[in-house]
Number of protein chains: 2
Amino acid sequence: MTQALGIPRSLGEIYGLLFATPQPLAFQDIVDRLKMSKGSVSQGLRFLRTVAAIKPVVVTGDRREFFEPVIELRQLVSGFLRERLNPQIETWGTRAKALKPTDFALETLSEDDRETLDSRLDKLKTWQKRAGLVLPMVSKLLG
Amino acid sequence: MTQALGIPRSLGEIYGLLFATPQPLAFQDIVDRLKMSKGSVSQGLRFLRTVAAIKPVVVTGDRREFFEPVIELRQLVSGFLRERLNPQIETWGTRAKALKPTDFALETLSEDDRETLDSRLDKLKTWQKRAGLVLPMVSKLLG
DNA sequence: CCGTGTGTTCATTTTGAATTGAACTCAATG
DNA sequence: CATTGAGTTCAATTCAAAATGAACACACGG
């Protein structure tokens, strides 16, 4: 599933292991069970934390950090949107606003050409607006 | 933008070129302008066609196939959902249905463990249902 | 403070996906 | 039917992203 969204398989594996394990797991557990390097697991957990797909659990009397999966679809999706999609959409949007049809003029443009480029740039801005509007709704619909 | 969705940069480039060009372009135009191999362009165009991000245009008196970008956000998004996300969700869903808590039993499970696994499997099925419900709505909201 | 266990960092290596390019098919044209 | 140009296919290559692993912090307990 993650692969279809451009997220590395290993992250899916870590999440999957946590999901399939009733008890919270510690760093080393994951390394052992998945036979992954500590480096990978460290980076993987960091990412999963920033997108809020897992949550740390404190086990008293144990120095280690344990992790549990977040299982609310809404949280998973909005984490992905927030961390992955929104940043892209924003930079893309601000760059789009700066564009003018003449930026494309590799040859001189006919009046018709100018018009189609104008309307396409408009589209770009519309996309931007719609995305900003709809993505938050998606999270809510899933909640 | 495409990269955030796990779509190769080159596809974004082809689409971008078509988007930035008022006239429809032919295969060879794209190869020349982007300095890409024919193989890449061929596969790229195929993908863009299957997700309906571009449409072929017939220019009378010219043997070549020309292409125009599809600029409706709704079509672009639903193409992506249909070709990339839905297939994954389906196979994932059918596999999830076949799972039972005992499939996870690497050690013997306590009653508590069985319960949490049960509830997680339920979640999995809920996800599946919600996704099937919400994704089509997304396309509509964008249209 | 020293040792031990936990987790991080980052330069190197690996790997798998994307790209290339040569060989090919297929249509149209003279 | 040869020829030319358009586009496809697919094995080999490239390359960037991900994984590794050794060196490094950091905290805690003795």
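Each chain gets a letter, A, B and so on, in the order the sequences are listed, and its residues count up from 1.
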> Any side-chain N or O of A/Arg49 under 4.0 Å from OP1/OP2 of C/dT8?
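So the side-chain polar atoms of A/Arg49 do come within 4.0 Å of the phosphate oxygens OP1 or OP2 of C/dT8, strictly under.
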> Could you state the CG-P distance from B/Asp62 to D/dG5, rounded to the nearest angstrom?
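It works out to 13 Å between those atoms.
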> Tell me, please, which residues at least two apart from A/Arg82 pass salt bridge (charged side-chain N to carboxylate O under 4.0 Å, His left out).
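Salt bridge (charged side-chain N to carboxylate O under 4.0 Å, His left out) check on A/Arg82 returns nothing, list empty.
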> Is the shortest side-chain N to carboxylate O distance from B/Arg114 to B/Asp118 below 4.0 Å?
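Looking at B/Asp118 together with B/Arg114, the answer is yes, because their closest N to O distance falls below 4.0 Å.
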> Just by protein heavy atoms under 4.0 Å, how would nucleotides 11-30 of chain C read 5' to 3' in B, S and -?
-------SBBB------S--
> A/Asp32 CG to C/dG7 C1': how many Å, rounded?
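Interatomic distance, CG of A/Asp32 to C1' of C/dG7: 14 Å.
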> Using the ring pair (Phe, Tyr, Trp, His ring centres under 6.0 Å) rule, collect all pairs that involve residues 111-143 of chain A, keeping only residues at least two apart or in two chains.
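Applying ring pair (Phe, Tyr, Trp, His ring centres under 6.0 Å) to every pair that reaches into residues 111-143 of chain A, excluding sequence neighbours, yields A/Trp127-B/Phe19.
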> List DNA chain D stems (3 or more consecutive Watson-Crick/G-U pairs, under 3.5 Å)?
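When the pairs of DNA chain D are grouped into runs of at least three, the stems are C:1-30 with D:1-30.
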> Output all residues satisfying salt bridge (charged side-chain N to carboxylate O under 4.0 Å, His left out) with A/Arg46, sequence neighbours left out; order by chain, then residue number.
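In terms of salt bridge (charged side-chain N to carboxylate O under 4.0 Å, His left out), with neighbours along the sequence ignored, A/Arg46 is linked to no residue.
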> Name all pairs fulfilling the ring pair (Phe, Tyr, Trp, His ring centres under 6.0 Å) condition that reach into residues 29-61 of chain A, sequence neighbours left out, sorted by first residue then second.
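Those involving residues 29-61 of chain A do not exist here.
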> With salt bridge (Lys or Arg N to Asp or Glu O under 4.0 Å) as the rule and sequence neighbours excluded, what pairs involving residues 61-76 of chain A come up?
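Found A/Arg49-A/Glu65, A/Asp62-A/Arg64.
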> Separation of B/Ile14 atom CD1 from D/dG7 atom C1', in whole Å?
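About 13 Å, once rounded to whole Å.
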> Which residues pass the salt bridge (charged side-chain N to carboxylate O under 4.0 Å, His left out) test with B/Asp122, not counting sequence neighbours?
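Partners of B/Asp122 by the salt bridge (charged side-chain N to carboxylate O under 4.0 Å, His left out) criterion come out as none, since no residue qualifies.
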> Between A/Phe27 (CZ) and D/dC26 (P), how many Å, whole number?
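Distance, rounded to whole Å: 17 Å.
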> Could you give the CZ-to-C1' distance, from A/Arg46 to D/dA19, as a whole number of Å?
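Distance, rounded to whole Å: 14 Å.
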> Specify the separation, in whole Å, of atom CG of A/Leu5 and atom C1' of D/dA17.
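A/Leu5 atom CG is separated from D/dA17 atom C1' by 17 Å.
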> Calculate the interatomic distance between B/Leu48 atom CG and D/dG7 atom P; express it in whole Å.
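Going from CG in B/Leu48 over to P in D/dG7 covers 15 Å.
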> For A/Gln28 and A/Asp32, which I'm curious about, is there any donor-acceptor pair between the side chains at under 3.5 Å?
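On atom types as modelled, these side chains qualify, holding a pair under 3.5 Å.
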> Which residues end up grouped with A/Val58 if you chain together Ile, Leu, Val, Met, Phe, Trp and Tyr wherever their side-chain heavy atoms are less than 4.5 Å apart?
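ILVMFWY cluster around A/Val58 holds nothing else.
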